[in-house]
Trainee: 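Structure provided below as C-alpha cells; questions to follow.
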Amino acid sequence: MRIGVLTSGGDCPGLNAVIRSVVHRAVVDHGDEVIGFRDGWKGLLECDYLKLDLDAVGGILARGGTILGSSRVRPEHLRDGVERARGYVQELGLDAIVPIGGEGTLKAARLLSDNGLPIVGVPKTIDNDIAVTDVTFGFDTAVGVATEALDRLKTTAESHQRVLIVEVMGRHTGWIALHSGMAAGAHAIVVPERPFDIDELTAKVGARFSAGKRFAIVVAAEGAKPRAGTMDFDEGARDVYGHERFAGIARQLSVELETRLGKEARPVILGHTQRGGTPTAYDRVLATRFGWHAVEAVHRGEFGRMTALRGTDIVTVPLAEAVETLKTVPDDRYAEAECVL
Ligand SMILES: Nc1ncnc2c1ncn2[C@@H]1O[C@H](COP(=O)(O)OP(=O)(O)OP(=O)(O)O)[C@@H](O)[C@H]1O
Ligand SMILES: O=P(O)(O)OC[C@H]1O[C@](O)(CO)[C@@H](O)[C@@H]1O
Ligand SMILES: [Mg+2]
C-alpha cells in the first residue's frame with residue numbers, strides 16, 4: 001500500500017512519534033510505502049511531499065514539533081481544493097491519507113472523507129478537548145511544563161508578595177489550567193467553561209491575604225472570560241482563519257485585581273513553551289500506539305475514522321463523531337479542583 005501522512009494545525013509534542021510509528025509499522029511490518037506531505041493540508045493541495053523511510057524517521061521520537069512542518073490553511077481554500085486533492089491522491093497512487101491534527105484538521109479530514117477520499121485520522125492537541133478520545137497526546141507534556149512553571153512562580157511570588165496571574169493555553173476548554181492548577185496547588189483557576197465572577201475571584205484572593213498568606217497564584221486558561229456585564233473586558237478579535245485572537249486574560253485580570261486588592265499583580269503568559277520541546281514518556285507511548293493503530297485501520301479499510309483512546313485500549317471512531325462536540329471540563333471535575341484551591 002501507499003500511505004500519505006501529514007501534520008496540521010498547531011504543533012504538539014508527540015507528532016514525530018506518530019510519524020515514526022506509522023513508518024515503522026507500515027514499511028517494516030506491511031511492506032508499504034509512506035510519504036509525508038509538507039506543512040499540513042497545504043502539502044496535499046500543492047503536492048509537496050517527501051518519501052518517509054526508516055532513515056527519515058531515525059532519532060525523532062524525543063524531538064518536539066513535527067519533521068513534516070505544519071500550517072493553517074483557510075477552510076474555504078481547502079473546500080475549494082477537494083478535487084485537486086483527489087487528483088494528487090490518484091496521481092501518487094495513494095491508498096490512504098493519515099492526517100494528524102486537532103478538531104479543525106479532523107473537520108477537514110471528514111470533509112475529504114465525505115468526498116470519497118480514504119482517510120484515517122489521528123487526533124492531537126495539547127488542549128485535550130477532542131471529545132471521543134479519553135486523552136490526546138501532547139496534553140501530558142503541556143501540563144508538565146505548566147506545572148513546573150507554576151512551582152517556580154510560587155517561590156518568586158511569595159518573595160515579592162505578589163499576585164501572579166498565569167495564562168495557560170486552552171481556547172475553548174480549561175483542561176491544562178485545571179490539571180496544572182491542581183498539580184501545582186494554585187489558589188484560583190479560571191476556565192472558559194465557567195465565566196468567572198470578578199467579585200468572587202477578588203474575595204477569594206483577598207481572603208488569602210487576610211489569612212496572613214503573602215502571595216497568590218491564579219491560573220487562567222487563555223479563553224476564560226468574566227460573567228457578562230461584571231467586568232470591563234476586551235474579547236479581542238478573530239484572525240484570518242477564524243481563530244479568536246485573545247486580548248490577554250492574564251493582563252486584564254492583573255489590572256483588575258491590583259486595583260481591587262491594592263496588591264501588586266503581574267501577568268505571566270506561558271504561551272508556546274507549553275507546546276514546544278520533548279514529549280513526556282506518556283505522550284510518546286500514546287502517540288506511538290495511535291500511529292500503529294492508524295496503519296492497522298488503513299489495512300482493514302476502516303476509512304472515515306480516527307484512532308481514539310478508550311480506557312487502556314486504542315479503538316477507531318467515526319470522524320463524524322469526533323468533530324461533533326468539544327470535550328469541555330465538566331462541573332464535577334472543576335469541583336474536585338476547587339476543593340483544594
Ligand atoms: N470547518 C472546517 N472545514 C474544512 N477545513 C477546516 C475546517 N476547520 C479547519 N479546517 C482546516 O484544518 C486546518 C487546521 O485547523 P486548525 O487551524 O483549527 O488546527 P487544529 O487541527 O484544530 O489544531 P489546533 O488544536 O492547533 O487548533 C485549517 O488550517 C484548515 O485548513
Ligand atoms: O499560536 P497558534 O499556533 O495559532 O495556536 C495557538 C493555539 O493552539 C493551541 O496550542 C492548540 O489548540 C491552543 O491551545 C492555542 O490557543
Ligand atoms: Mg483548531
Side-chain angles (χ1 to χ4, degrees), residues 6-15 18 37 39-46 64-66 68-82 84-85 97-115 117 119 121-131 133 136-139 141-143 145-146 167-180 191-192 219-224 236-250 269-277 283 306 319-320 322-329:
L6 60 88
T7 51
S8 158
D11 72 348
C12 172
L15 287 172
V18 183
F37 290 102
D39 304 335
W41 295 118
K42 188 165 166 279
L44 175 61
L45 296 177
E46 296 174 2
T66 159
L68 293 177
S70 188
S71 68
R72 302 198 196 268
V73 174
R74 284 168 184 260
E76 54 275 22
H77 186 50
L78 196 104
R79 286 192 279 271
D80 294 344
V82 172
R84 195 148 26 106
I97 301 174
V98 177
I100 312 163
E103 35 76 42
T105 302
L106 297 169
K107 278 183 191 149
R110 187 193 175 185
L111 170 80
L112 295 179
S113 172
D114 287 350
N115 279 276
L117 275 81
I119 309 266
V122 173
K124 71 90 218 174
T125 171
I126 64 165
D127 296 347
N128 195 36
D129 58 3
I130 301 197
T133 181
T136 46
F137 64 85
F139 176 61
T141 305
V143 170
V145 170
E167 184 171 314
V168 299
M169 280 188 168
R171 307 185 143 260
H172 310 293
T173 63
W175 290 107
I176 297 176
L178 184 82
H179 279 223
S180 63
V191 298
V219 183
E222 62 187 335
R238 284 189 182 264
D239 68 15
V240 291
Y241 308 107
H243 290 117
E244 285 170 299
R245 267 279 159 87
F246 298 116
I249 176 74
I269 300 166
L270 299 187
H272 294 88
T273 52
Q274 295 158 92
R275 232 165 68 181
D283 283 338
M306 71 161 210
L319 282 169
V323 299
E324 242 163 43
T325 50
L326 281 180
K327 179 173 65 196
T328 51
V329 172

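In listed order, ligands and their atoms are each counted from 1. For reference, positions follow the sequence shown, starting with 1.
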Trainee: Of all N, O or S atoms in Glu103, identify the one at the shortest distance from the Mg ion (ligand 3).
Mentor: OE2

Trainee: Identify the closest protein heavy atom to atom 14 (O) of ligand 2: which residue and atom is it, and at what distance?
Mentor: Asp127 OD1, 2.7 Å

Trainee: Looking only at side-chain N and O atoms, does Asp283 offer a donor or acceptor that is under 3.5 Å from a partner on Thr141?
Mentor: yes

Trainee: For atom 17 (O) of ligand 1, what's the nearest protein heavy atom and its distance?
Mentor: Arg72 NH1, 2.6 Å

Trainee: Given Arg72, His272, Arg245, Met169, which has its nearest heavy atom closest to atom 5 (O) of ligand 2?
Mentor: Arg72

Trainee: What is the closest protein heavy atom to atom 18 (O) of ligand 1, and at what distance does it sit?
Mentor: His243 NE2, 3.1 Å

Trainee: Considering only heavy atoms of Trp41, which atoms of ligand 1 have at least one such atom less than 4.0 Å away?
Mentor: 12 (O), 13 (C), 31 (O)

Trainee: What part of Thr105, side chain from CB on, backbone N/CA/C/O, both or neither, has a heavy atom under 4.0 Å from ligand 1?
Mentor: both

Trainee: Would you check whether Gly170 reaches within less than 4.0 Å of ligand 2, judged by its heavy atoms?
Mentor: yes

Trainee: What atoms in ligand 1 come closer than 4.0 Å to a heavy atom of Ser8?
Mentor: 13 (C), 14 (C), 21 (O)

Trainee: Report the part of Arg79 (side chain from C-beta onward, or backbone N, CA, C, O) that has a heavy atom under 4.0 Å from ligand 1; answer both or neither where that applies.
Mentor: side chain

Trainee: Out of Arg171, Glu244, Arg275, who is nearest to atom 8 (O) of ligand 2 when you count heavy atoms only?
Mentor: Arg275

Trainee: What's the shortest distance from atom 23 (O) of ligand 1 to any protein heavy atom, and which residue and atom give it?
Mentor: Lys124 NZ, 3.2 Å

Trainee: Please work out which of Lys42, Lys107, Glu76, Arg275 has its closest non-hydrogen atom nearest to atom 1 (N) of ligand 1.
Mentor: Lys107

Trainee: Can you tell me which residue among Leu326, Asp127, Val191, Thr328 is in a side chain to side chain contact (heavy atoms under 4.5 Å, CB included) with His172?
Mentor: Leu326

Trainee: Only heavy atoms of Gly9, strictly under 4.0 Å: list the atoms of ligand 1 that pass.
Mentor: 19 (O), 20 (P), 21 (O), 23 (O), 26 (O)

